[in-house]
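Note that the structure is predicted; figures quoted are calculated from it, not measured.
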Amino acid sequence: MVYAAAVHPFSDVRRAFWLASLAFLPLFLWWLGWYPAFITGDSLDQLGQIETGEFFNGHPAFHTITMWFITRVWDNAAAVSLVQIVVFALLLGLIAKRLRELGTPLWLAVGAAWVVGLSPAVGPTAMTLWKDIAFTLAFLWVFAELLTLVRLREAYWQDVWNPVRLGAALSLLWLFRHNGLVTMLGVLAVLAILNRRNLGRLVPMVLTVAGAVLLVQGPVFWLFTVDRSTPTAAEVMLPVVASSFVHEPDNFSSTEVALLASIAPLDVWRSRYDCDHFDPLLFDPAMSVGVIRQDPGPVLELGVRTLWRDLDTSLGFFWCRAEFLLIPAQPEDAYLQRPPFRIPVNDLGLERSPRWSVAADLTGEVFTRAESPSWLWLTWRPALIIWMTFATYVMLARRPTRALVLPAALLGFHFLNVAAFSLNHEFRLAFPLYVAGILSLPLWWFVAHPESLAGEGTGGTLAHDDIAAIGAGKRQVEGIK
């Protein structure tokens, strides 16, 4: 199979990287104005582990250990938030570079990066001390690698460092979020299907994933004496059980009711359940999660049984859980969780201390206006971007440009992951989809100009059959067979 090989000057591609990386500047304004970081209860939990040296795997321990390493250089929460926005900006530059290599105009590739950097939802989220931000950075790295794979196609696998890089990025999806395993496996499955006639080329990637995970969960966890306890599958099924019990209690046998009562009083199940906000029930003092972890089997079996027995209720529950991903307007009876304005009361000495009053005033005004209920559909709700992303890849699925649909596998599997396993409506859970979605929009260029991939494009992503489909006279290749 032969590919076109027109290449833009190196300086042009490099310019895309640096111009897009300058989207760091608006992020840095947020950092100066909201120093040391946006911090939540989860953040305080992990910072407390760093303070005491006792590491737990409830929040992925690898992320906490990463924070520990960063704070060895500068023992301040601001060090972590600063590293996050620096890496974030560099990844914006890398993706703009990959888009330019594909043939996207410079202004479009760089412009998408700046749209991300200037978004009122991105600045506060990118500097929040959350595992979700580290996960998003890994997600964007995978996205960049898939763009390279789209451009190089067969040649991508011929340089062993390409699949090794992709494997390293995929491993971080799992290491930074427990349910990142689902997204990682989805991408691996798609790559295996696409390369089913030559699975051997995937070996370096798979070995890198396995090696990275084993290294972290083996020697690294041993060195840091990590408590390896993680949420069980039975706990994941609790919202399904609660939904069915609240809406169809008559379907539960006396044995099943007794099991629920052993975990929490029945009135707690009824009064604290909310399909779009499960935390009040999960973290109610009366909820004995320890009972589930001691013997998760019965609860897991009940969850699976309930899922199919009360399928209509279960489907309604999953829709309620996922609707923040698909409905732009903010419902009056739901709340989209976002980075908190204030740092929670803590004993770590953390408090808001802006480093530049001008930055604090400017970003504070942006934050306040973005929080207006009438603007949430645009400033915080991810649905609009998700629908635009979906439309982008649908339009690219036509024959001349269908190779460009590959990154949709990453976004699609993570969309299903978030829709299935989110406990609450939280912007941070959709953050990777939001950012990668905006960065996918420049691919619309190829809907209108598919010949750019093979002519004025930069890496020749199209095979001859696809080039031929564009039209006679536009096949600038040699050796046609």
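Relative to the six-membered ring of F38, R352 meets both conditions, a distance below 6.0 Å and an angle of at most 45° to the axis.
Side-chain N/O atoms of T183 and N417 include a donor and acceptor closer than 3.5 Å. In this structure, a donor-acceptor pair under 3.5 Å is absent between the side chains of T104 and W445. A donor and an acceptor atom, one from each side chain of W34 and T363, are located under 3.5 Å apart. With hydrogens and angles left out, the side-chain atoms of T136 and Y434 include no donor and acceptor closer than 3.5 Å. Of the N and O atoms on the side chains of Y156 and T148, not one donor lies less than 3.5 Å from an acceptor on the other residue.
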When you look at I39 and T128, which way does the side-chain contact (heavy atoms from CB on, under 4.5 Å) test go after all the steps?
-> CA-CA 6 Å; I39 292 174; T128 304; over 6 Å; no
Apply side-chain contact (heavy atoms from CB on, under 4.5 Å) to V164 and L207, showing your working.
-> CA-CA 8 Å; V164 166; L207 288 178; over 6 Å; no
Show your working on side chain to side chain donor-acceptor pair (under 3.5 Å) between W130 and Q46 and close with a plain yes or no.
-> CA-CA 9 Å; W130 271 331; Q46 290 184 270; over 6 Å; no
For L439 and L92, run side-chain contact (heavy atoms from CB on, under 4.5 Å): C-alpha distance rounded to whole Å, both residues' side-chain angles, the deciding distance at 0.1 Å, then the answer.
-> CA-CA 8 Å; L439 295 172; L92 291 180; 3.9 Å; yes
Assess whether ring pair (Phe, Tyr, Trp, His ring centres under 6.0 Å) is satisfied between F278 and H425, documenting all intermediate values.
-> CA-CA 9 Å; F278 193 66; H425 288 185; over 10 Å; no
Derivation of the side-chain contact (heavy atoms from CB on, under 4.5 Å) call for I95 and L140 | CA-CA 8 Å; I95 291 171; L140 294 177; 4.0 Å; yes
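More than 12 heavy atoms of other shown residues, nucleotides or ligands fall within 6.0 angstrom of atom CH2 in W319. In the displayed structure, E332 atom CD is contacted under 6.0 Å by at most 12 heavy atoms of other residues, nucleotides or ligands. Heavy atoms of other residues, nucleotides or ligands lying less than 6.0 angstrom from CZ of R72 number more than 12. Crowding of E351 atom CD: a count of heavy atoms from other residues, nucleotides or ligands under 6.0 Å not exceeding 12.
A donor-acceptor pair is defined here as one N or O able to donate and one able to accept, closer than 3.5 Å; such a pair exists between the side chain of T368 and the backbone of G364. Without hydrogens or angle criteria, Q330 side chain to L376 main chain gives no donor-acceptor distance under 3.5 Å. With hydrogens and angles ignored, the 3.5 Å screen pairs a side-chain donor or acceptor of H178 with a backbone N or O of G58. In this structure, the side chain of R355 engages the main chain of S353 through a donor-acceptor pair within 3.5 Å. Remark: side-chain polar atoms of R196 are paired, donor with acceptor, to backbone N or O of I193 under 3.5 angstrom. Judged purely by atom type and a 3.5 angstrom limit, W30 has no side-chain atom pairing as donor or acceptor with the backbone of T125. Panel note: side chain S243, backbone S314; no donor-acceptor pair is recorded below 3.5 Å. N195 contributes no side-chain N or O that, together with a main-chain N or O of L199, makes up a donor-acceptor pair within less than 3.5 Å. With hydrogens and angles ignored, the 3.5 Å screen pairs a side-chain donor or acceptor of T379 with a backbone N or O of A370.
Between the CG atom of L404 and the CG atom of L396 there is a distance of 5.5 Å, given to the nearest 0.5 Å. In this structure, N424 CG and D274 CG are separated by 9.0 Å, a value rounded to the nearest 0.5 Å. Rounded to the nearest 0.5 Å, atoms OG (S422) and CG (L429) are 4.5 Å apart. Taking CG of L147 as the start and CG of L152 as the end, the distance is 11.0 Å to the nearest 0.5 Å. Distance check: T64 OG1 to H59 NE2 gives 7.5 Å after rounding to the nearest 0.5 Å. Once rounded to the nearest 0.5 Å, the distance linking NE2 of H277 with CG of L282 reads 10.0 Å.
Shown here for V142 and A169, the closest heavy-atom pair between the two residues is CG2-CB, 3.5 Å. Contact detail for W114 and L19: the closest heavy-atom pair is NE1-O, 2.9 Å. In this structure, P340 and T40 approach most closely via the heavy-atom pair CD-CG2, 3.5 Å. Considering every non-hydrogen atom in both V226 and F56, the closest pair reads CG1-C, 4.3 Å. When all heavy atoms of S171 and A212 are compared, the pair lying nearest together is OG-CB, 3.5 Å. Taking each heavy atom of R398 and M395 in turn, the nearest pair found is NE-O, 3.3 Å.
The aromatic rings of W377 and W375 sit parallel, their planes meeting at an angle under 30°, below the 60° perpendicular limit. W68 and F224 have perpendicular rings, their planes meeting at more than 60° on a 0 to 90° scale where under 30° would count as parallel. In this pair, F390 and W387 present their aromatic rings perpendicular. The plane angle is above 60°, beyond the 30 to 60° band.
Side-chain atoms of F324 and D276, non-hydrogen and from C-beta on, never get closer than 4.5 Å to each other. Counting heavy atoms from C-beta on, the side chains of R428 and Q337 never come closer than 4.5 Å. Contact of the L307 side chain with the F318 side chain is registered, since non-hydrogen atoms from C-beta on lie closer than 4.5 Å. Considering only heavy atoms from C-beta on, M184 comes within 4.5 Å of L188 through its side chain. When side chains are defined from C-beta on, W157 does not count as touching N162, because their heavy atoms never get closer than 4.5 Å. Contact annotation: the side chain of L44 approaches that of L348 to within less than 4.5 Å [non-hydrogen atoms, C-beta and beyond]. A 4.5 Å side-chain heavy-atom check between P60 and F176 finds every atom pair outside the cut-off. With a 4.5 Å cut-off on side-chain heavy atoms, N76 and P36 count as touching.
Using a cut-off of 4.0 Å between Lys/Arg side-chain N and Asp/Glu carboxylate O, E426 and R338 are scored as not salt-bridged.
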